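Read through the structure below, which is laid out as C-alpha cells, and then see the notes.
Just so you know, residue 1 is the first one in the sequence shown, and it goes up from there. Because the structure is a prediction, the values reported are computed rather than measured.
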Amino acid sequence: SKQRVKPNGGRVMGLKIAIPEGRLLPLCTKALEAIGIEVPKKSGRKLSLQKNGISFLFSKSFDVPLYVEHGIDLGIAGGDVVLERGCDLFVPLELDFGRCRLSLITHEHRTITMDDMEGYRIGTKYPKLTQAYFAQRGISIKVLPFSGAIELGLVLGICDAIVDIVDSGRTIQENGLTESEVLMNVGAMLMVNRIAQKKHFDRINEIVIQLNEEKEKTKRGGVTDGFS
C-alpha cells in the first residue's frame, strides 16, 4: 500500500494547521488522520496544541481563513466561510466532506418570488455573498448581519427572509420555515498561506496530493459524511 505522510519522519514537521471547531472538527480529524497526520484531542480551553512536530490551532470556522492569510500554513473551513471572507490565500483542493447548501429561507406558508423581495430585510451571517447574489439579479435589499441563531430573526419578524447554511433542514422545519432557493452548494476547502505555498512547497504538495487521493477513494466507494 502507498506510504502515507509520516510526521515523525520530518516530512511535514514544523507546519502550522488551523482546524475549525464544531461540526467540521471530527471530519477534518478523520481526513488528516487518513493520510497519517495525527490531530491531538482538544481538551479544556487550550486553543493551540502540538503533536509530532506539527502545531494545530483550533478556532471558530469564520476565523480560519484569516489565520491562514496572515501566517498559518494550512487550514480547513467550509466553502461558505472561505468565499464570504474573501481572504488572499490559495485553495488547492475542495474536500469531500462538510457538504451543505447556502440557501434563502422564508416562512413556510408564504409564497414569495425573487421579484417580491425588493427592499426586503435579509438576515444573514454572510452579508457579502447575500448582497452579491441579489445584486446580480438587480434586486435591492437591506442586509441585517447576525452572528447567532438567524432563524429567530425571521420568526420574530425582525427580517423578512434569511440566508443561511442548511444541511439536514431540521432546524428550519421545526421553526415553520422553508428553503426557498439554493444560492450555492458548498463543502470543506483546504486553504494554504501564499508564502507557505512557496516556502514549504514539497511538504504542502504531498499533503494536497494525498488528501486528493483519499477524496477520490471515497468517491469510488460511494461514502458520504452524513452532511450531504
Q.
Under the rule for side-chain hydrogen bond (donor to acceptor under 3.5 Å, both in side chains), what residues qualify as partners of S103, not counting sequence neighbours?
A.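 Expected list: E179.
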
With sequence neighbours excluded, give me every side-chain hydrogen bond (donor to acceptor under 3.5 Å, both in side chains) pair touching [range].
{"range": "residues 65-85", "answer": "D63-R85, D80-Y126"}
{"range": "residues 187-197", "answer": "D88-R194"}
{"range": "residues 138-165", "answer": "R121-D160"}

Using links of under 4.5 Å between side-chain heavy atoms of ILVMFWY residues, direct or through other members, which residues join M189 in one cluster?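 V64, V68, V82, L89, V91, M191, all in the cluster of M189.
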
request  = Look at atom CD1 of I195 and say whether more than 12 heavy atoms of other residues, nucleotides or ligands are closer to it than 6.0 Å.
outcome  =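 Result for CD1/I195: open.
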
| task | Give a yes or no on whether E21 atom CD has more than 12 heavy-atom contacts from other residues, nucleotides or ligands under 6.0 Å away. | result |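 Result for CD/E21: enclosed.
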
>> Is there a side-chain hydrogen bond (donor to acceptor under 3.5 Å, both in side chains) between S55 and Q50? Walk through the geometry before answering.
In response: CA-CA 4 Å; S55 297; Q50 282 211 339; 2.9 Å; yes

Can you confirm whether [X] sits close enough to [Y] that some side-chain heavy atom of one is under 4.5 Å from a side-chain heavy atom of the other?
{"X": "L102", "Y": "V166", "value": "no"}
{"X": "I76", "Y": "F97", "value": "yes"}
{"X": "V39", "Y": "L49", "value": "no"}

Heavy-atom closest pair, residues [X] and [Y]:
{"X": "D96", "Y": "K215", "answer": "CB-CG, 3.6 Å"}
{"X": "C28", "Y": "P20", "answer": "SG-CD, 3.9 Å"}
{"X": "C100", "Y": "I165", "answer": "SG-CG2, 3.6 Å"}
{"X": "S61", "Y": "P65", "answer": "O-CD, 3.4 Å"}
{"X": "G148", "Y": "K125", "answer": "O-CE, 3.2 Å"}
{"X": "G78", "Y": "L24", "answer": "N-CD1, 3.7 Å"}

Check: [Y] main-chain N/O paired with [X] side-chain donor or acceptor under 3.5 Å:
{"X": "H107", "Y": "L154", "answer": "yes"}
{"X": "N175", "Y": "T171", "answer": "yes"}
{"X": "T124", "Y": "V163", "answer": "yes"}

Q) Can we say K217 and E214 salt-bridge, meaning some charged N sits less than 4.0 Å from an Asp/Glu carboxylate O? A)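 Here K217 pairs with E214 in a salt bridge, since their nearest N and O are under 4.0 Å apart.
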
Looking at R170 and D167, does any basic side-chain N land under 4.0 Å from a carboxylate oxygen?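 Looking at R170 and D167, the cut-off is not met.
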
message = With side chain to side chain contact (heavy atoms under 4.5 Å, CB included) as the criterion, how do F62 and V81 come out once you've worked through the C-alpha distance, each side chain's angles and the decisive distance to 0.1 Å?
response = CA-CA 6 Å; F62 259 86; V81 171; 3.9 Å; yes

(message) Once ring-ring contact (aromatic ring centres under 6.0 Å, His included) is applied, what residue pairs with a partner in residues 129-153 remain, sequence neighbours excluded?
(response)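 Qualifying pairs, neighbours excluded: none.
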
